Amino acid sequence: MPELPEVQTTVNGINSFIKGRTIVDVWTDLAVENPTLPSHKTSTKSKKFFTLFKKSVIGGKIIEAERRAKNIFIHLDNGISIWIHMKMTGHLLYGKYVLISKEWTPSTEEKNEALRDPFNKYLHTIFTLDNGRHLALSDVRKFAKVTFVKTTELPEIYKEFGPEPLEDTFTFSVFTKQLQKRPTRPIKEVLLDQKIIAGIGNIYSDEALWLAGIHPLRTVRDITDTEMQLLYKGVISALKKGIDFGGDSTSDYRDITGTRGAFQGKHEAYRRTGQPCRKRGCPGTIERIAFSGRGAHFCDTHQT
DNA sequence: TGCAGTGTTGCTTC
DNA sequence: CGAAGCAACACTGC
């Protein structure tokens with residue numbers, strides 16, 4: 001699920017619902033661990049690390065949440081930032097929960113029925129807020145990671161991610177310069193590399209390539225300047241469209257109120273295998289190939 | 001029933 | 001070194 005538009009939707013939700021709240025407690029079943037950039041090896045799978053985590057975030061007031069690549073940073077007023085990566089199936093939920101026999105479930109007072117959606121179970125980390133409500137991490141597959149860093153360390157960490165495709169500084173020249181760092185690699189693979197461009201995953205790379213009419217296996221250096229222009233626009237418009245529709249809930253993704261996004265009904269390529277291409281006048285069919293350990297979907301006619 | 005496939009990414013192996 | 005493949009985990013669908 002969570003690529004740039006889904007993570008952005010989550011961050012927007014945190015900022016509209018829980019900004020200003022203070023964290024008064026944290027619970028975890030230790031099923032999640034922290035992101036492992038070279039500089040941050042410790043794991044919440046150890047009780048010792050979790051004790052330190054608790055000590056660092058309890059009493060902190062949420063100033064603002066921020067997205068970098070597919071990561072969420074929640075800045076607290078005590079100089080600490082909570083760092084969350086939702087990986088494949090993680091998502092954050094805001095609700096009123098109760099702990100019953102080692103499992104958190106929505107309280108009877110919780111009026112938001114979406115939180116009772118089966119996809120919104122599997123809670124592995126719970127932040128209790130000063131209004132008695134909770135920010136919960138739901139994650140079936142338990143790949144999501146949670147840790148903390150000093151806020152002052154973030155500029156150094158942000159350097160490990162590529163440029164942000166929706167920022168004003170992401171010009172066509174930045175785009176091509178980044179892609180040219182991998183001239184011999186297939187374009188789809190390069191688009192997925194977070195160090196080249198931040199935030200693109202399997203869904204939006206398929207969509208961007210469909211928009212640009214480029215086959216996913218084309219090598220970067222074989223792509224013409226005209227095609228690059230189309231791809232640059234395609235990347236930006238696919239991501240913006242994802243945000244406009246509140247993200248993609250093909251699978252587990254939900255916004256922090258537990259509600260599905262709507263982008264899954266809007267795909268042109270992703271997971272439309274065997275269906276007709278919807279580009280105007282195109283007689284093609286969407287094809288799927290296995291590639292780089294995942295699926296790539298593209299039109300067999302207009303993507304060349 | 002069984003196995004391929006699922007949004008991510010870092011580690012291992014060659 | 002780059003590149004390919006896999007592992008982490010649980011569930012769905014063919």
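Chain identifiers are assigned alphabetically (A, B, ...) following the order of the sequence lines, protein sequences preceding nucleic acid strands; residue numbering begins at 1 within each chain. Please read all numbers here as calculations on a predicted model, not as lab measurements.
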I'd like the [atom1] distance from [M] over to [N], given in whole Å.
{"N": "C:dG5", "M": "B:dG5", "atom1": "P", "answer": "14 Å"}
{"N": "C:dC9", "M": "B:dT1", "atom1": "P", "answer": "25 Å"}
{"N": "C:dC6", "M": "B:dA4", "atom1": "C1'", "answer": "15 Å"}
{"N": "C:dC11", "M": "B:dG10", "atom1": "C1'", "answer": "23 Å"}

Expressed in angstrom and rounded to an integer, what is the separation of [X] atom [atom1] from [N] atom [atom2]?
{"X": "A:Ile289", "N": "B:dA4", "atom1": "CD1", "atom2": "C1'", "answer": "17 Å"}
{"X": "A:Arg271", "N": "B:dG5", "atom1": "CZ", "atom2": "C1'", "answer": "8 Å"}
{"X": "A:Arg294", "N": "C:dG5", "atom1": "CZ", "atom2": "P", "answer": "14 Å"}
{"X": "A:Asp193", "N": "B:dT8", "atom1": "CG", "atom2": "P", "answer": "13 Å"}
{"X": "A:Asp248", "N": "B:dT6", "atom1": "CG", "atom2": "C1'", "answer": "12 Å"}
{"X": "A:Phe161", "N": "B:dT9", "atom1": "CZ", "atom2": "C1'", "answer": "12 Å"}
{"X": "A:Lys195", "N": "B:dT8", "atom1": "NZ", "atom2": "C1'", "answer": "13 Å"}
{"X": "A:Tyr253", "N": "B:dT8", "atom1": "OH", "atom2": "C1'", "answer": "16 Å"}

| note | DNA chain B in dot-bracket form (Watson-Crick or G-U pairs under 3.5 Å, [ ] crossing, | inter-strand) is .|||||.|||||||
| field | Test applied, side-chain hydrogen bond (donor to acceptor under 3.5 Å, both in side chains); reference residue, A:His91; option that passes from A:Asp252, A:Asn120, A:Thr9 | value |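 By the side-chain hydrogen bond (donor to acceptor under 3.5 Å, both in side chains) criterion, A:His91 pairs with just one of A:Asp252, A:Asn120, A:Thr9: A:Asn120.
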Presence of [X] side-chain N/O under 4.0 Å of [N] phosphate oxygens OP1/OP2:
{"X": "A:Gln194", "N": "B:dT8", "answer": "no"}
{"X": "A:His85", "N": "B:dT9", "answer": "yes"}
{"X": "A:Thr184", "N": "C:dA3", "answer": "yes"}

| Partners passing side chain to side chain donor-acceptor pair (under 3.5 Å) against A:Asp139 (at least two apart in sequence or in another chain) | A:Thr89
| said: Could you check whether A:Phe148 and A:Phe49 have their ring centres less than 6.0 Å apart? | reply: yes
| said: Strictly under 4.0 angstrom, non-hydrogen atoms only: write out the protein contact profile of nucleotides 8-14 of chain C, one letter per nucleotide from the 5' end, B, S or -. | reply: BBBS---
| said: Assuming nearest nucleotide by heavy-atom distance, tell me which of A:Ala290 and A:Gly199 is located more 5' along DNA chain B. | reply: A:Ala290
| message | Angle between ring planes, A:Phe17 versus A:Tyr94, binned at 30° and 60°: parallel, tilted or perpendicular? | response | tilted
| Where does the angle between the aromatic ring planes of A:Tyr232 and A:Phe175 fall among parallel (under 30°), tilted (30 to 60°) and perpendicular (over 60°)? |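 Rings of A:Tyr232 and A:Phe175: tilted, as their planes differ by 30° to 60°.
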| request: Please tell me if the side chains of A:Val11 and A:Glu66 come closer than 4.5 Å, counting only heavy atoms from C-beta onward. | output: no
| note | What one should report as the nearest heavy-atom pair of A:Ala269 and A:Glu207 is N-OE2, 2.9 Å
| said: Using a strict threshold of under 4.0 Å (side-chain N to carboxylate O), is an ion pair present between A:Asp206 and A:Lys188? | reply: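 Salt bridge: yes.
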| message | Between A:Arg133 and A:Glu110, does any side-chain N to carboxylate O distance fall below 4.0 Å? | response | yes
| task | May I ask you to establish whether A:Arg67 and A:Phe73 are in a cation-pi arrangement, using a distance under 6.0 Å from NZ or CZ to the six-membered ring centre and at most 45° from the ring axis? | result | no
| query | In terms of side-chain heavy atoms of A:Lys70, which of C:dA3, B:dT6, B:dT9 is nearest? | reply |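 Nearest to the side chain of A:Lys70 among the choices is B:dT9.
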